[in-house]
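Quick note: residue numbers are just sequence positions, from 1.
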Amino acid sequence: MAIRWKTTDSHDAIRYTALDAHKQPVNLIGATARFLMGKRGDADSVIINESAQVVDEMAGKLAYELTEIATLEAGTFNAEFHVEWPDGSRKVFPSEGYLAVTVAPSLDVSKVGEVEERIVMRVSQIEEFKDEIVAEVDGFRATVGQAEDAAVEAEVQADYAKTQGDYAKIEADRVAGMDVSKLTAQLAEKATKTELQAVVAGSPKGAYSTLTDLQTTHPSGDAGIYVVSSDGNWYYWDGSIWTVGGQYLTTQWVNALTAQNEPWEVV
């Protein structure tokens, strides 16, 4: 089968019927095809390797729609169709020889230059698109990194919450079954002693905006008293929790925080 074109042709199509050894149409159900073309006598000079169409599966009909790139270079070429079925088996058509393609020079050589410019433009657009994709991938990776950091922080907070829950369970198990009146008396006595110790210790050790800030900074307690500016109370550690001791009358302690909203420490 001989095919003749001129440079820059892009209107035609190669139509081919794949036949078996008995000259019968090959069953192409589910098959895919590619069209390859290279310089005659040079097996390494493939200039076209593109998808082809299976036009009629039962009749074995294949087709390749011509592109400007296919006819950009004049010369003699060999061409063939490569077919692959769903089970992975492959077959090259024609089985013997090649489709002979001749591309003769067109008298209007300026058209070749126009085609080359269009190809360069397309390559440039592809490169720009690739750069955009790379930038989007980098942004996605950064977002994933932030999400991973957030997940680590959430895991730390979950571990802290679990520790606090375990501590609460231990305390609950410890007091379970104790005489309520006796326990109340012990706690009252303990609170009174702790409160007196805190007051005797003298001036507050520091101030916090909220009780939560105090609890977060000293989750296991601390000696001395601290002032909370949001309610104006002073607090002491009773051995288990931060307990309010009453309104702190020295007003300047209410706002005793640094510009960074950190507690002012007595030295």
Same cluster (ILVMFWY, side-chain, under 4.5 Å), V92 and L36: no
Straight-line distance of D213 CG to S229 OG, nearest 0.5 Å: 8.5 Å
Neighbour count >12 (heavy atoms, 6.0 Å) for atom OH, Y98: no
Verdict with reasoning, V83 to L28, per side chain to side chain contact (heavy atoms under 4.5 Å, CB included): CA-CA 8 Å; V83 178; L28 299 178; 4.0 Å; yes
Distance in Å, L214 CG paired with Y208 OH, rounded so as to fall on 0.5 Å steps: 6.5 Å
Main-chain N/O of T7 paired to T71 side chain as donor or acceptor, under 3.5 Å: no
Donor-acceptor contact below 3.5 Å, side chain D56 vs main chain G60: no
Passing candidate, ring pair (Phe, Tyr, Trp, His ring centres under 6.0 Å) with Y226, options Y235, W242, W237: W242
Closest non-hydrogen atom pair between V103 and E73, with its separation: CG1-O, 3.5 Å
Interatomic distance, Q215 atom CD to S220 atom OG [nearest 0.5 angstrom]: 12.0 Å
Check: F35 ring centroid to H82 ring centroid under 6.0 Å: no
Residues Y64, Q53; criterion side chain to side chain donor-acceptor pair (under 3.5 Å); working and verdict: CA-CA 6 Å; Y64 170 71; Q53 295 80 45; over 6 Å; no
From CA spacing to verdict: salt bridge (charged side-chain N to carboxylate O under 4.0 Å, His left out), R34, E84: CA-CA 9 Å; R34 300 191 67 82; E84 182 171 348; over 6 Å; no
same_hphob_cluster(L19, F93) at 4.5 Å side-chain heavy-atom cutoff: no
Linked, directly or transitively: W85 and Y16 (ILVMFWY side chains, under 4.5 Å): yes
Sequence-distant partners of E148, side-chain hydrogen bond (donor to acceptor under 3.5 Å, both in side chains), two or more places apart: none
Donor-acceptor pair, side chain of Q247 and main chain of G232, under 3.5 angstrom: yes
Shared hydrophobic cluster for F77 and I48 (ILVMFWY, side-chain gaps under 4.5 Å): yes
Reported CG-to-CD1 distance for the pair D9 and I3, which is rounded to 0.5 angstrom: 12.5 Å
I29 versus P86, closest heavy-atom pair with distance: O-CD, 4.2 Å
CA sep, side-chain torsions, deciding dist, call: L99, F81, side chain to side chain contact (heavy atoms under 4.5 Å, CB included): CA-CA 9 Å; L99 304 176; F81 286 91; 3.8 Å; yes
Side-chain donor or acceptor of T216 paired with backbone N/O of T212 under 3.5 Å: yes
For the student: nearest non-hydrogen atoms of E57 and G30, plus distance: OE2-N, 3.3 Å
Nearest-0.5 Å distance, CE of residue M37 to CD1 of residue I47: 3.5 Å
Residue pair V228, N233: steps toward the side chain to side chain contact (heavy atoms under 4.5 Å, CB included) verdict: CA-CA 6 Å; V228 173; N233 290 323; 5.7 Å; no
D166 versus T163, side-chain donor and acceptor atoms under 3.5 Å: no
Backbone of S10 reached by a side-chain donor or acceptor of W5 within 3.5 Å: no
Verdict with supporting geometry, I225 and K205, side chain to side chain contact (heavy atoms under 4.5 Å, CB included): CA-CA 6 Å; I225 65 173; K205 292 184 67 176; over 6 Å; no
CG on L66 to CD1 on I14, rounded to 0.5 Å: 7.0 Å
Partner residues of T32 under the side-chain hydrogen bond (donor to acceptor under 3.5 Å, both in side chains) criterion, sequence neighbours left out: none
Contact summary for V54 and A31, nearest pair of heavy atoms: CG2-O, 3.6 Å
Which atom of E65 lies closest to which atom of A13, heavy atoms considered: OE1-CB, 3.6 Å
Heavy-atom pair of closest approach, residues R40 and A100: NH2-CB, 3.5 Å
Main-chain N/O of G88 paired to R90 side chain as donor or acceptor, under 3.5 Å: yes
